[in-house]
Number of protein chains: 2
Amino acid sequence: MTVSTMDAPAGKSIRPRVRLSVAQCLAQDIFSGKFAEGSNLPRENDLCEDYGVSRTVIREALKILQAKGLVVSRPRIGTIVCPQDEWNILDNQVLDWIGPNLDRMGLVDCILEARGAIEPMAAELAARRATMQEIADIEAAWQAMAKAGNDIEAFIAADTVFHELLLKASHNRIFQQFGALMDPALNFMLSTSAHSAENLEESIGQHGALVEALRLRDSEGARKLALALIAKAKHDVSAARSVKS
Amino acid sequence: MTVSTMDAPAGKSIRPRVRLSVAQCLAQDIFSGKFAEGSNLPRENDLCEDYGVSRTVIREALKILQAKGLVVSRPRIGTIVCPQDEWNILDNQVLDWIGPNLDRMGLVDCILEARGAIEPMAAELAARRATMQEIADIEAAWQAMAKAGNDIEAFIAADTVFHELLLKASHNRIFQQFGALMDPALNFMLSTSAHSAENLEESIGQHGALVEALRLRDSEGARKLALALIAKAKHDVSAARSVKS
DNA sequence: TCAATTGCATTTGTATGATAAATAATGCTA
DNA sequence: TAGCATTATTTATCATACAAATGCAATTGA
């Protein structure tokens, strides 16, 4: 299949910008299992035909995948899918590409577990270090959650922003990098839509309490509330799973 | 300066494999501050002359940096260094390239803080989930630490392996990715060499106790011991800093 | 028969030059 | 002066050729 989305006008060759699209296609084929770990991707010249682009584009797309630890290339051997241990799953582009395969790969549980370690500490630090402006921004995200009403997508978007801002307010650049981990787990829950009105209310209440703890510079309280939020998220996910099955 | 390490034999053109070297040079120039965030890198054609390689190599090297969030390229604009927030500092290749600039960028403290959140949880999980083989491997690393004696480099290498294996034994793929964070902070301490014999003995004792907790499946004990290890690491780093200054 | 070495075939890596697309900067027009 | 068309510059893509790495087979020698 050709990547270009539009046909060329008669007599004129069109050159759409497709490097990233090709990289995304290849990455998704890896995560979907079409290219199993340890197996070979098609030769560069074959990929050229498959995607209808020049070898330049194929190679630059493969360089992106290499940089993210998804594949390695060697002369005469070809391009091989790396073992999953080497995949850069903290790269937010990679997380984006994994998308619907996130749960199949067992990453939703991983992520929630990791958030259980990270967010309480981040909340604790944020209570000590956040600027007034940062706290205000977090509160704004909280208000957006409260205002979302039945619009689940808006609610989740605001929730994601809330947690990203919280991590950023910890003033620790490592924690900040985990912003990308907020989206996926939440969106997984969205896909199962097991959200009752009370459930949302409870969540909004918890988030509000956390904002209050930040304002009071109550680091211990912030830590406990963040922990409670994660516990609730874990509970929600398992509830969503039982609905699904 | 040309990248190629050897001159070509008369009449024969040599083509060394230099893509990664070029990427590393450019990355290090970014981390050293030679290319400040927000500023432009030289044009691709200029980089060709600077490094004495073809535009193909330059472009593929830049694609690697792009994939790691270090730069963005746009036609007519050029290639611009991204704000530090977008750098993929969890990528172990990136951490490697940062190297000596780690402390100047304020990452040593970040890393220790993050480890303070992650390792106790990882130790707790490892106590519950590690296989006998994994515990044995961790103990082997511990014995290598004990046997290192005055060979500080060997000690740190074994210490690094110890913590990487511990993270892996948590059976959480997110935590496992943090293996790369073990090296840098430790190597920073190495560079200041503030290691007394008693200090090493104490460290060995603590690590041994952690192994014992794993064997006993004492998750709470493992958590506390990991916490103590990090506290000690923080203490050692600040001691090393005061010596340096 | 077997082992080592040599040569061949295949695949990625690099070089080169041309054209297309994007867009900041410039100048023109009203 | 504001808006619009033009231009110039830079990256993006295409096409082709050759270099280097390496698995594999054929050859050779004992």
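FYI, side chains are in, hydrogens and waters are out, and symmetry mates aren't considered; it's all heavy atoms of this structure.
- The distance between atom CD of Glu49(A) and atom C1' of dA15(D), rounded to the nearest whole Å, is 14 Å.
- Map Asn45(B) and Pro75(A) each onto its nearest nucleotide of DNA chain D; the residue landing nearer the 5' end is Asn45(B).
- Residue Arg59(B) places no side-chain N or O under 4.0 Å from the OP1 or OP2 atom of dT11(D).
- Distance Tyr51(A) OH to dC14(D) P: 14 Å, rounded to the nearest Å.
- Residue Thr56(B) places a side-chain atom within donor-acceptor reach of the base of dA15(C), judged by atom type and a 3.5 Å distance cut-off alone.
- Projected onto DNA chain C by closest heavy-atom contact, Arg55(B) and Ile77(A) fall at different nucleotides, the more 5' of which corresponds to Ile77(A).
- No N or O donor and acceptor, one from the side chain of Arg76(B) and one from the base of dA21(C), sit under 3.5 Å apart.
- Between Leu41(A) atom CG and dT12(C) atom C1' the separation is 13 Å, expressed in whole Å.
- Between Ser54(B) and dA15(C) there is a side-chain N or O to OP1 or OP2 distance below 4.0 Å.
- Separating the CG atom of Leu65(B) from the C1' atom of dT11(D) is a distance of 15 Å, rounded to the nearest angstrom.
- Using a 4.0 Å heavy-atom criterion, one finds that Arg19(B) contacts the sugar-phosphate atoms exclusively.
- Protein atom CD1 of Ile80(B) is 13 Å distant from nucleotide atom P of dT10(D), rounded to whole Å.
- Remark: the Arg15(B) side chain and the dC18(D) base include a donor-acceptor N/O pair separated by less than 3.5 Å.
- Considering only side-chain atoms of Glu44(A), the nucleotide from dC14(D), dA22(C), dT12(C) that sits closest is dT12(C).
- When Val71(A), Val72(A), Thr79(A) are each tested for a side chain to side chain contact (heavy atoms under 4.5 Å, CB included) with Gln66(A), only one passes: Val71(A).
- Computed from coordinates, the Ile58(B) CD1 to dT16(C) C1' distance equals 14 Å when rounded to whole Å.
- Taking every side-chain heavy atom of Arg43(A) into account, dT11(C) is the closest of dA17(D), dT11(D), dT11(C).
- Under a 3.5 Å cut-off, the side chain of Trp142(B) and the backbone N or O of Phe162(B) do not form any donor-acceptor pair.
- Listed for the Asn88(A) side chain is no donor-acceptor partner under 3.5 Å among the backbone atoms of Asp91(A).
- The distance from atom CD of Gln66(A) to atom C1' of dT12(C) is 10 Å, rounded to the nearest whole Å.
- Regarding Ile64(B), its CD1 atom lies at a distance of 12 Å from the C1' atom of dG13(C), rounded to whole Å.
- Side chains of Glu49(B) and Asn45(B): no donor on one and acceptor on the other come within 3.5 Å.
- Arg17(A) comes within contact range of at least one nucleobase, with a heavy-atom separation under 4.0 Å.
- Checking side-chain atoms of Arg19(B) against main-chain N and O of Thr56(B) turns up no donor-acceptor pair under 3.5 Å.
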